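Keep in mind the model is a prediction, meaning the values are calculated, not measured. Read the numbers this way: they start at 1 and go in the same order the structure lists the ligands and their atoms.
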Amino acid sequence: MNRSAVWHPFTQHALEPPMKRIAATDGAYLIEEDGNRVLDGISSWWVITHGHRHPAIMQAIRTATEAFDQIIFAEYSHEPAERLAEGLIGRAPSGLKHVFYSDSGSTSVEVALKMALGCFHNLGDPRDRIVVMEASYHGDTIGTMSTGERGVFNAAYEPLLFGVDRVPFPETGREQQTLDAFETLCRSGRIAALVIEPLVLGAGGMKIYDAGVLAALREIAARHGCLFIADEVMTGWGRTGTLFACEQANISPDILCTSKGLTGGAVPLAATLCTSDIFDAHLSTDRRKTFFHSSSYTANPIACAAAVANLQIWHDETVIERIKNLQALHRQNLERFAGDGRFADIRQAGTIAALDLVVPAGGYLADVGPRLRRLFRERGFLIRPLGNVVYLMPPYCVTADELSRAYDAISEVASIVLARP
Ligand SMILES: *Cc1c(COP(=O)(O)O)cnc(C)c1O
């Protein structure tokens, strides 16, 4: 039994060998201590956008450390946080005018929920229900687990999770059911907010839905005075083909959560953007209407400087072109699986491509997941299927040849696993 001193996330230490160490990272690669280079096919859990250790971001961090460490953010402000807020407001969907900083995707969603509930509380409006989409994932804190899909991951905590209302995932051809379910819930007058992953449900299995549904949900929310919270923690920073996924539905949410790619993946930081209406609902000479939320490391200046450098990269480099290129490469590679009975539901959204391996027992705990992972690692690829859902979400610097080899590995590994299920 491997009683590791370091307790790793989402890891069953009784079933895993001791972890290999990574000595360094470089572009699309993780470099193991023995010098072995592993292609990071999932951007180190979806955080690395341009590539590992983009020089401009690393330099910004070095420079920031000459002046800053953590600074209390309730008494003072600082330039990196202000420049970043300005940049985010300039680049995000219109109408988002205020930026609240935190440290992770989960906390950015917690902040969003508190903003929404605090807003109605301060206005004396009794709305207190949250609507979510089935198969959603919004984080691993108690609050965000409450809004996510229930299952083996949160069974132990179930008694503490708060109740939410759920609308079905908009399967192709059944989109209207989702819209009707949401409209019915909204008619109760009790719905404070809809929290939604725009276009792609990540941890739920890379489930992709149409931008038209997103636009329609936004319209229904607005009509019923329900706040629309876009959890762009995974979809932001180009993942779905545009800087934010909301752009493809031509919508502006009331609240937008961003984290993973915010610093290009270099250091942890999160931001929750909101409209002036939400900010103003907390603006009062009555101190009880204050937004009572903080983390110790709110707006860490070094992390903010890294994010400012990331924004500068989006300004200086042809990032969208690189993303479009990666999108086309995925499409070409996926063509070889058309009509391939080993895979089902071959799908793509921007830089994300996913296919379901056709195995008897699916689901996250299917034994096939760890087996696939091991076979990919042996071939030099970090690819972590979600159960039988195999997906690639590489950093944007990945080359055509590297991506093609990743697809070769998927094909080879699929045949091995299916030959001996
Ligand atoms: C990863 C993720 C989160 C949680 O982010 P953490 O930084 O892991 O807390 C929240 N929402 C979505 C959509 C995510 O993909």
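Around ligand 1, the residues contributing at least one heavy atom under 4.0 Å from the ligand are Trp46, Ser104, Gly105, Ser106, Tyr137, His138, Gly139, Glu197, Asp231, Val233, Met234, Lys260.
Considering only heavy atoms from C-beta on, Leu84 comes within 4.5 Å of Tyr101 through its side chain.
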Using a 3.5 Å cut-off and no angle test, enumerate the donor-acceptor pairs between side-chain atoms of residues 17-27 and protein atoms at least two apart in sequence or in another chain.
residue	atom	partner	partner atom	Å
Lys20	NZ	Glu32	OE1	3.0
Asp26	OD2	Arg37	NH2	3.3

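Formation of a donor-acceptor pair under 3.5 Å by the Ser136 side chain with backbone atoms of Val132 is not found in this model.
In summary, the side chains of Glu197 and Thr235 do not present any donor paired with an acceptor at a separation below 3.5 Å, with no hydrogens or angles considered.
Within a 6.0 Å sphere centred on CG of Asn250, heavy atoms belonging to other residues, nucleotides or ligands number 12 at most.
Judged by the 6.0 Å distance and 45° axis criteria, Arg127 is positioned over the aromatic ring of Phe120.
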